[in-house]
Amino acid sequence: MEIASKYSPSATEDKWYKYWMDNKLFHSEPNDREPYTILMPPPNVTGVLHMGHMLNNTIQDILIRRARMMGKNACWVPGTDHASIATEAKVVNRLKERGIDKKDLSRDEFLKHAYEWTDEYGGIILKQLQKMGASADWDRSYFTMDEDRSEGVIKSFVDLYEKGLIYRGVRMVNWDPAALTALSDEEVIYKEKQGKLYYLRYKIEGSDEYVTIATTRPETILGDTAVCIHPDDERFTHLKGKKVIVPLVNRLVPIIEDNYVDMEFGTGCLKITPAHDVNDYEIGMKHNLKVIDIFNDNGTLSEAAELFVGEDRFDVRKKIIPVLEEAGNIVKIEDYNNKVGFSERTHVAIEPKLSAQWYLKMDEISKPALKNVMNDTVQFHPPKFKNVFRHWMENVKDWCVSRQLYWGHQIPVYYLEDGTFVVAESKEKALTMAKEKSGNANLTAADLRQDADVLDTWASSWLLPITGFEKPEDLAYYYPTSDLVTGHDIIFFWVARMIIAGYEFKGELPFKNVYFTGMVRDKQRRKMSKSLGNSPDPLDLIAKYGADSVRIGMLFCSPAGGDLLFDESQPEQGRNFANKIWNAFRLVKGWEIDENIEQPESAKKAIAWYDAKLDQTIEILNDHFSKYRISDALMTVYTVFWQEFSSWYLEAIKPAYQKPLDAATYKATLEFFDKMLRILHPFMPFISEELWQALEERKEGESIMLADMPTVSGADASLLDKFEILKEAVGGVRTVRKEKNIPMKDSLKLNILGDNNYSADFDSLLVKLANISELTMVSEKTEGAVSFMARTNEYFVPMEGLIDVEAELEKLKKELTHQEGFLKGVMKKLGNERFVGSAPEAVVAKERQKQADAEAKIKTLTESIARLEK
RNA sequence: GGGCGAUUAGCUCAGUUGGUUUAGAGCACUUGGUUUACACCCAAGGGGUCGGGGGUUCGACUCCCUCAUCGCCCA
């Protein structure tokens, strides 16, 4: 059979993906088997695939493919997220490029543009996920704004309102002056900014004296309604009860006292602007101060500011300084670094602003979630995120769920003309309720005005483990889902809230395990970003190295929760592995089989050993998976294939040049190959399918996807151990060859002075693998030979006197020193009565075994040295 | 400012209730190799005393304290 010497992914990947799709192998329907469900974190509908998705979805695909092969009814639910503010920001930008201002559009007109955008880009990312081999149930794809999902969101709002958990409140919110909407605390990113600290002096009423305050935002003085000092600050005792004049606007405001003031910071004297700072707002409430909102929604100054009306807040910050200077109010200006909040989506500086918003009370409904994460009913991997979670949950604030946007689920609150409102799932229902409420049976739909705000995106995605299933029987079967795989950056945004929603709406956890992935970074630990240009396009990588290679390349070194430092050497390593597998297959399939020749002893032994090895490997693999150690699991498969199978097993059974292989060995080898492809499949779906199909005749519709995951039957530990001694012995001969420059093709004689437990089981393999012409068991040391040890057996390669005595002595002495040092350490322990007395028996026994082995080796080495020195 | 976490070979990481060799893996590195699957390969080898200091213990990479450095989250 002619097979190319290099594996070509592009030729096989599309073929098998189509085959899987055509045979509907990803689709799941409820049946009597145990379900295994993963909800895919829905990518943004307008997003494109990046390395983060690649890592995240590879892990999910591995879990789902493995579960499927373990006989579970595996269902991976994909979907896309409307991503309210992110998408709206993009649509606004595109409209701007076309010369259209969002302000000039009606809600419906804007939504038309948004849907247009969605149709244009929507779902591209799901197609891209198929390229990496994702075995999601595409028939179940949803969109968070489609009918079923929207219905669920609106229902939940009404439900929460009726439970008294939703309220409307005027609060200080994070205002995004670009998107013109409130944001939740989680959507604000604080960044260190180099700024200035301005020292301004305010004249005291009826006096020539001034007080100096320090501020980073001089433009906000226009909204000042007090100056605050610490009650214990003796520097200002004489000012108590007085008033000061706010510069430029000449407003008379009181000097108040509050413990909040940090006497060490600035001048110890604080200006209070209740409308534009969270802390000032609270002080203002406490002291009944006037609130003067000097900003418009878009960040320009309002009429209330009196000055600079209509100008942008940052321009005013610059412009107000010379004016203050001229008025004699500037004392000094210092450089100062402070943290400024920015919008996660529009990247503009957040303006704290008072506004009426809808809130969800969080304290009560978050309790079951906290409890069930802390007691591991919902398990976090790695568990260190439990602490992060707890900290947030114990300090949880009410959730601002309203957004002043068009793109999203419109809040189902309907206002009557008198300002009262009803909350209902539909306008029809709202009308009925309104009639009842107002006592006016003549009300029409036109008399109701729906709240213009939409819900926070996360107020829809927190329901997805529930709303992801349309039919009630599906929900009953698949819920709760099994595992969630997501980035740790959205633990609050999404994970915590899904758990809350699960308990609130279903009375049950939404998923049993959460696997947190880290961020994908470049080699310099920089976050991958478009602007840095350090983010490779996953599709380019797939085209270059193959999907399987990119998948495992990403996983070689990415422990749960840890960041992944991506480098192109990783998919390259993946490609090398794929090629290794390919060539192992090429070798096996290339052998000529002879039904009539007898199976060699060496092959029999190798098969017995590898059977046990594979068994042991599967056991280790199961253990890694049970602990969600995906990288370790992959490394286990990688090592068994490359080291144990290719380098040991195949070399052990390989027939002599141009000689055929016996049928029994061939059959066993194909079975091993089949098993290995099956444990490999979740990691490398394409090449495993390609080779599995080529391994033997398969029926139409058959797939490795449906094959059983191999199970363990209990490996023979002593067999495995004996083979390890064999490896040491083969290695010993190889070292001798290297030291003496003896080529592999020249056979050698080997004498073995075995210990009492020496097993000849693998002697046939030793002969073959080390190219030994004559293997002799001896009871005395061999003169004029190079020696080495494997465990407590001594091996001699007779050199017919041509040995370098000095070099041999040096080697033996070095080994002796090592063994003596080792023994010393062991004896120190064993000589300690308290160790022998208090350590567990098994530990002491182990130490005694170490002692015996070391003593035996030392004896052998000492004798050999004495012999050579004679 | 508050909280969480990290610090183990050149790099990225394991090390699972303290005892499994005098700490492991992958990659990288060095040396040798045209054995008829694979140079995207084979073989051999070097390299760390586990961030510093102190403590608990018969015994600590593993537990405690402290210092240093770094990262993340939150305000």
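What you see is a predicted model; the values in this text were computed from it and never measured. A, B, ... follow the sequence lines: proteins, then strands. Residue 1 opens every chain.
Residue A/Trp642 is in sugar-phosphate contact alone, with no base atom involved, counting any heavy-atom pair closer than 4.0 Å across all strands shown. Among the atoms of the strands shown, base atoms are found under 4.0 Å from some heavy atom of A/His818. In this structure, A/Lys824 reaches neither bases nor backbone, as no heavy-atom distance under 4.0 Å exists between it and the strands shown. When heavy atoms are screened at a 4.0 angstrom cut-off, A/Arg575 is found touching base atoms of the nucleic acid. Residue contacts for A/Asn387: at a heavy-atom cut-off of 4.0 Å it reaches the sugar-phosphate backbone alone, with no base atom in range. Base engagement by A/Glu651 is indicated by at least one non-hydrogen atom pair under 4.0 Å involving a base atom. Within the 4.0 angstrom heavy-atom criterion, no nucleotide atom of any strand lies near A/Lys829. The residue A/Lys745 sits apart from the nucleic acid: no heavy atom pair falls under 4.0 Å.
Set against B/A43, B/A39, B/G19, the side chain of A/Phe835 has B/G19 as its closest nucleotide. Of the candidate nucleotides B/C27, B/C40, B/A14, B/C27 has the atom lying nearest to any side-chain atom of A/Gln573. Of the candidate nucleotides B/C73, B/A44, B/U35, B/C73 has the atom nearest to the side chain of A/Phe492. Distances were taken from every side-chain heavy atom of A/Val843 (C-beta onward) to each of B/U16, B/G19, B/A39; the shortest belongs to B/G19. Counting only heavy atoms from C-beta on, A/Met744 has its side chain closest to B/U35 among B/C27, B/U35, B/C38. The listed nucleotides are B/G26, B/A14, B/U20; the one nearest the side chain of A/Lys846 is B/U20.
Nucleotides B/G33 and B/G10 have their C1' atoms positioned 26 Å apart, rounded to a whole Å. The gap from the C1' atom of B/U35 to that of B/C41 amounts to 13 Å, rounded to the nearest Å. Between B/U57 and B/C72, the distance separating the two C1' atoms is 34 Å to the nearest Å. For the P atom pair drawn from B/U56 and B/C64, the interatomic distance equals 15 Å after rounding to whole Å. As rounded to the nearest Å, B/G51 and B/U8 have P atoms that lie 6 Å from one another. Going from the P atom of B/G1 to that of B/C67 covers 14 Å, rounded to whole Å. B/C29 and B/A37 have their C1' atoms separated by 27 Å, given to the nearest Å. B/A23 and B/G18 are spaced 15 Å apart, taking the C1' atom of each and rounding to whole Å.
Note: CG (A/Asn576) to P (B/G26) measures 15 Å, nearest angstrom. Atom CG in A/Asn771 sits about 15 Å away from atom C1' in B/G33, given to the nearest Å. Rounding to whole angstrom units, CG of residue A/Asn583 and C1' of B/C41 are separated by 9 Å. Atom CZ in A/Arg734 sits roughly 17 Å away from atom P in B/G33 (whole-Å rounding). The CD1 atom of A/Ile491 sits 10 Å away from the C1' atom of B/C73 (whole-angstrom rounding). When rounded to the nearest whole Å, the span between CZ of A/Arg521 and C1' of B/C72 equals 9 Å. The CE atom of A/Met635 sits 17 Å away from the P atom of B/G24 (whole-angstrom rounding). Between the CG atom of A/Asp567 and the C1' atom of B/C27 there is a distance of 10 Å, rounded to whole Å.
Pairing for B/C41 is with B/G33, a Watson-Crick or G-U wobble pair whose two hydrogen-bonding atom distances lie under 3.5 Å. The partner of B/U16 cannot be assigned: no Watson-Crick or G-U wobble pair with both contacts below 3.5 Å exists in any strand. Under the Watson-Crick or G-U wobble criterion, with both distances below 3.5 Å, B/A28 has no partner in any strand shown. Pair assignment for B/G71: B/C4, on the basis of Watson-Crick or G-U wobble contacts that are both within less than 3.5 Å.
Distances shown here put a side-chain N or O of A/Lys580 below 4.0 Å from the OP1 or OP2 atom of B/C42. Proximity of A/Lys654 to the phosphate of B/A37: a side-chain N or O atom is located under 4.0 Å from OP1 or OP2. Residue A/Arg629 places at least one side-chain N or O under 4.0 Å from the OP1 or OP2 atom of B/G15. Taking 4.0 angstrom as the limit, A/Ser647 places a side-chain polar atom (N or O) nearer than this to OP1 or OP2 of B/A43. Taking 4.0 angstrom as the limit, A/Asn741 places none of its side-chain polar atoms (N or O) nearer than this to OP1 or OP2 of B/G32. OP1 or OP2 of B/C27 has at least one side-chain nitrogen or oxygen of A/Tyr638 nearer than 4.0 Å.
Exactly one residue among A/Trp494, A/Phe516, A/Phe385 makes a ring-ring contact (aromatic ring centres under 6.0 Å, His included) with A/His488. That residue is A/Phe385. Partner of A/Tyr610 under the ring-ring contact (aromatic ring centres under 6.0 Å, His included) criterion, out of A/Phe673, A/Trp648, A/Phe645: A/Phe645 alone.
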(message) Set out, in order, the CA-CA distance, both residues' side-chain angles and the distance that settles side chain to side chain contact (heavy atoms under 4.5 Å, CB included) for A/Leu823 and A/Gln851, then state yes or no.
(response) CA-CA 6 Å; A/Leu823 181 63; A/Gln851 179 196 355; 3.9 Å; yes

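Between A/Glu728 and A/Tyr795, the side chains place no donor N or O within less than 3.5 Å of an acceptor N or O (distance only, hydrogens not considered). Side-chain N/O atoms of A/Lys846 and A/Gln849 include no donor and acceptor closer than 3.5 Å. A/Tyr7 and A/Glu690 are not linked by any side-chain donor-acceptor pair at a separation below 3.5 angstrom, with hydrogens and angles left out of the test. Under the 3.5 Å distance criterion, with hydrogens and angles disregarded, a donor-acceptor pair is assigned to the side chains of A/Asn513 and A/His381. Neither side chain, A/Ser718 nor A/Asp721, offers a donor N or O lying under 3.5 Å from an acceptor on the other.
In this structure, the separation between CD1 on A/Ile687 and OG on A/Ser549 is 7.5 Å, given to the nearest 0.5 Å.
Between A/Ala584 and A/Phe577, the residue anchored closer to the 5' end of RNA chain B is A/Ala584, taking for each the nucleotide with the nearest heavy atom. Where A/Gln819 and A/Arg586 each meet RNA chain B at their nearest nucleotide, the meeting point lying more 5' is that of A/Gln819.
No donor-acceptor contact under 3.5 Å links the side chain of A/Lys850 to the base of B/U20.
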